[in-house]
Amino acid sequence: MRRSANDMLGLVDGLIDLSSAGRHPDEPMRVTVEQAARRAWADLTDNPDFKLYIANALDTLFLPQRAVHSIFKSVLENTLHHHDQSKGNVTVASDADGDRVRITIEDDGPGIPKDARETVFQSLVMLRRREETGRAGLGLTLARKLVRKLGGTIEVTTASNGRGTAVLIDLP
């Protein structure tokens, strides 16, 4: 009963976050991709079996910080909760191209099948049962909504290691 109540609370919180995403933007601030990733990671886990690696992520974003934090937190949280092992690795990298920054967040988890890569951005859609993950299926939906509001794109593909997931984010 308690787990069901907590799951329902998580769902309600997620729906509130999704419905209010981008409605009250804060002032843009400068932050490197590395800083944004490390801040979000710190909010998510202290599990020493999951490691965050930063590879060339010094590019600077000048965007509303709450939105940037929510994007990173949603994507990184997804990598943790949908990993199929008790330990894992996540790598964040970025590359500037003119006035755009391309961010790659890769994990070494089970990956997302090609036919489900667009589906995972839909509200309440999950590839694993809710009971297995304890999640509501709103994280990537929220990330996409915020990325689009900021004038960017987000997509899912296979990680460079051939096994996990890579989330590719393009932001101004």
Side-chain angles (χ1 to χ4, degrees), residues 3 6-7 9-11 13-15 17-18 21 31-59 61 67-95 101-148 150 152-171:
R3 181 182 168 139
N6 285 336
D7 288 350
L9 183 59
L11 176 61
D13 287 344
L15 289 170
D17 289 345
L18 184 61
V31 64
T32 66
V33 172
E34 177 178 6
Q35 291 168 330
R38 289 195 188 281
R39 287 177 189 158
W41 188 260
D43 285 352
L44 293 172
T45 186
D46 58 358
N47 182 342
D49 293 330
F50 281 91
K51 307 270 190 233
L52 177 68
Y53 296 96
I54 306 295
N56 189 30
L58 298 176
D59 297 298
L61 301 169
V68 170
H69 185 73
S70 290
I71 291 165
F72 275 90
K73 188 174 177 184
S74 295
V75 173
L76 291 170
E77 187 173 39
N78 200 66
T79 68
L80 292 170
H81 288 287
H82 295 285
H83 204 289
D84 60 342
Q85 305 292 320
S86 60
K87 62 182 180 177
N89 301 302
V90 179
T91 303
V92 177
S94 67
D95 178 39
V101 175
R102 291 185 306 248
I103 302 161
T104 304
I105 301 173
E106 289 191 342
D107 66 48
D108 60 355
I112 297 174
K114 284 184 181 181
D115 62 344
R117 290 183 181 163
E118 192 58 33
T119 306
V120 296
F121 289 105
Q122 296 175 8
S123 296
L124 307 176
V125 172
M126 295 177 41
L127 300 182
R128 293 172 48 209
R129 292 184 13 215
R130 199 164 268 108
E131 295 80 22
E132 293 177 45
T133 64
R135 311 312 304 158
L138 295 169
L140 292 178
T141 306
L142 175 62
R144 177 173 267 181
K145 182 176 181 179
L146 289 168
V147 166
R148 285 181 171 172
L150 295 173
T153 61
I154 183 171
E155 65 179 289
V156 171
T157 189
T158 302
S160 60
N161 66 16
R163 180 186 189 296
T165 298
V167 178
L168 310 174
I169 304 169
D170 178 85
L171 289 169

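Residues: numbered from 1 along the sequence shown. The shown structure was predicted, so the numbers you read here are calculated from the model rather than taken from an experiment.
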- prompt: What distance do Leu168 atom CG and Thr157 atom OG1 have between them, rounded to the nearest 0.5 Å?
  reply: 6.0 Å
- request: Show your reasoning for whether side-chain contact (heavy atoms from CB on, under 4.5 Å) applies to Asn78 and Thr165.
  value: CA-CA 10 Å; Asn78 200 66; Thr165 298; over 6 Å; no
query: Is the closest side-chain heavy-atom distance between Leu44 and Phe50 below 4.5 Å?
result: no
query: Between Asp84 and Arg163, does at least one N-O distance fall below 4.0 Å, as a salt bridge requires?
result: yes
field: Heavy-atom donor-acceptor pair, Glu106 side chain to Ser160 backbone, under 3.5 Å
entry: yes
message: In the structure I gave you, are the side-chain heavy atoms of Leu140 and Val75 within less than 4.5 Å of one another anywhere?
response: yes
field: Distance-minimising heavy-atom pair for Val147 and Asp170
entry: CG1-O, 4.3 Å
- line: For Ala166 and Thr158, the nearest pair of non-hydrogen atoms, with its separation, is CB-O, 3.8 Å
field: Backbone of Ile154 reached by a side-chain donor or acceptor of Arg144 within 3.5 Å
entry: yes
statement: Heavy atoms of Ala37 and Ile54 approach each other most closely as CB-CD1, 4.1 Å
- prompt: Under the criterion side chain to side chain contact (heavy atoms under 4.5 Å, CB included), which of Thr32, Ile103, Val101, Leu171 is the partner of Asp59?
  reply: Val101
- prompt: Is it true that a side-chain atom of Asp108 and a backbone atom of Asn89 form a donor plus acceptor pair closer than 3.5 Å?
  reply: yes
CG on Leu142 to NZ on Lys73, rounded to 0.5 Å: 10.5 Å
- request: Considering non-hydrogen atoms only, spot the tightest contact between Val92 and Ala57 and give its length.
  value: O-CB, 4.0 Å
query: Where do Ala40 and Phe72 come nearest, in terms of heavy atoms and distance?
result: CB-CB, 3.7 Å
task: Identify the heavy atoms of Ser94 and Leu58 that sit nearest to each other, and give their distance.
output: OG-N, 4.0 Å
query: Do Asn47 and Leu80 have side-chain heavy atoms sitting under 4.5 Å apart?
result: no
